[in-house]
Amino acid sequence: MKKRDLICTKCKKTFPIERSYPRCDICNEPLEVERVVTGKINKGNVLNQTILERYADFFPFAKIDKAISFHEGFTPLVRPLRLASELGIKDILFKNESQNPTWSFKDRGTVTGIQQAISLGYKRIGTVSTGNMAVSVAAYGAGVGLETFVLVSTSLPPEKLNPIAIYSPVLIRVDGDYGRLYFDSLEIGKQNDIYFINSDVPFRVEGSKTIAFEICEQMNFEVADYVVVPTSSGGNIRGILKGFEEFRLCGLINKVPKMVCAQASGCSPIYNTYSSHAEVISRVENPHTVAHAIENPYPPSGNEVLRRIKENGGTFVAVTDEEILQAQRRLAKIGIFGQPASAVSLAAVKKLRGQNLLDENDTVVCIVTGGGLKDTTVFGRHEAKIIDSPLEDLNELIGSGRQGYNRDERR
Ligand SMILES: *Cc1c(COP(=O)(O)O)cnc(C)c1O
Ligand SMILES: [Zn+2]
């Protein structure tokens, strides 16, 4: 295996791959692992393979520790029967990341992050998160027996703390500016030999590449026109784009899809920067959206996402809470129960179709980033139609047809 460097996404300065600090010394922009230009997919049966084995050529690991895997990835790509014609596009498919061991795509970047931490000899790992990433890192850290530090903000409610605490990490509620914690944690990690696997660090981005790899395989290497990604820190969309680019460089596909960076209008720093023709992300004050998993007001990969998606020919979009909730209900009816952040991709497709940025010739893949049971408080935002009936009256009620049934929204 050829040794790869870390490269600054902005100034292109190179750093050794062993470096644990994930940003450039000069411009403070994110680093990434050098692109793979020759590689192939390893043969084998996905029923007993891991993503680390199947796509080993695309990772800079000298040795793979199969035992750290919880069998993340290899998630379904779902094609509903009628939704494309309802939307007026050629085809729409959903990459259902809720089918991961801790119910979000974060597991892919956690396994690659931990593999790197182990390769570098770390005994302690950590993350800064309010939700899915905290759960994922806590679970995998427990699985491999590394001391795992999870830093959360004091405002985190118990229904979000408990699913982290079950894995018994060192769970610390930090009183202070949560936005600063991302950067401070990296410094604290440096001083205390803790490998922090935060949202957009290079090895988390490496894990997200496998979403693109699987989509290519699942579509027989015919590439969709657009891939829509609910975006917060920007790590996942960077990884997916990098995955498609590496497959193209390796000759496995002949074009790269256009990426859509989809955000919630209550917290859309990347979209705002794009639509105001600015070059540098500014912080969103008082973010507020039902899509909590994508509520990062100052995304650490924001500038890079802006640069790369513009180059890629993709676009940016923001959708309202109402549009998100409607999309969440629609997704449920194709057998996918995503959390509000996940539904942002379908809501974005509807919006782009309405603006004629998508048309009847387009094939679109939506990433459903995480599962709906992770966020039960949102249930209160949906109307729950429930009929009460005494047992004696049940037959008559059903026979009368009065209970109603909406046939419009099917698969
Ligand atoms: C983390 C997360 C996102 C955002 O991913 P980024 O890499 O931070 O852009 C979107 N949806 C869900 C469900 C997530 O957990
Ligand atoms: Zn730089």
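We count ligands from 1, going down the list as the structure has it; atoms in each ligand are counted the same way.
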* To do: Please could you name the atoms of ligand 1 that Thr231 approaches to less than 4.0 Å, counting only its heavy atoms?
  => 9 (O)
* Asked: Counting both backbone and side chain atoms, is some N or O of Ser233 under 3.5 Å from an N or O of ligand 1?
  -> yes
* Structure fact -> Closest to atom 14 (C) of ligand 1 (heavy atoms only, candidates Gln339, Lys106, Arg204) is Lys106
* Taking atom 12 (C) of ligand 1 as the point of reference, which of Thr369, Ile240, Asp375 owns the nearest heavy atom? -> Thr369
* Atom indices of ligand 1 within 4.0 angstrom of Pro230 heavy atoms, with elements -> 4 (C), 10 (C)
* Asked: Should you measure from each heavy atom of Gly235, which atoms of ligand 1 turn up under 4.0 Å away?
  -> 7 (O), 9 (O)
* Asked: Do you see a donor-acceptor pair shorter than 3.5 Å between the side chains of Thr50 and Glu53?
  -> yes
* **Protein heavy atom at shortest distance from atom 5 (O) of ligand 1** => Phe105 CZ, 3.5 Å
* **Protein heavy-atom partner closest to atom 7 (O) of ligand 1 - residue, atom, separation in Å** => Asn236 N, 2.9 Å
* Asked: Just checking, is any N or O donor in the side chain of Thr9 or Arg238 under 3.5 Å from an acceptor N or O on the other one?
  -> no
* Asked: What do you reckon, does Ile294 have a nitrogen or oxygen under 3.5 Å from a nitrogen or oxygen of ligand 1?
  -> no
* Asked: Is it true that the side chains of Arg108 and Thr75 contain a donor and an acceptor less than 3.5 Å apart?
  -> yes
* Structure fact -> Per-atom filter on ligand 1: closer than 4.0 angstrom to a heavy atom of Gly370 are 13 (C)
* **Where the Zn ion (ligand 2) is the vertex, angle from Cys11 SG to Cys8 SG to 10°** => 110°
* Are the aromatic ring centres of Phe316 and Tyr271 under 6.0 angstrom apart? -> no
* Run the ring-centre check on Phe61 versus Phe203 and record whether the distance is less than 6.0 Å. => yes
* Asked: When the ring centroid of Tyr182 is compared with that of Tyr298, is the distance short of 6.0 Å?
  -> no
* In Å, rounded to the nearest 0.5 Å, how long is the span from CD1 of Ile309 to CG of Leu241? -> 5.5 Å
* Looking at ligand 1, does any of its N/O atoms fall within less than 3.5 Å of an N/O of Asn132? -> yes
* Asn132 and Lys374 side chains, donor-acceptor separation under 3.5 Å -> yes
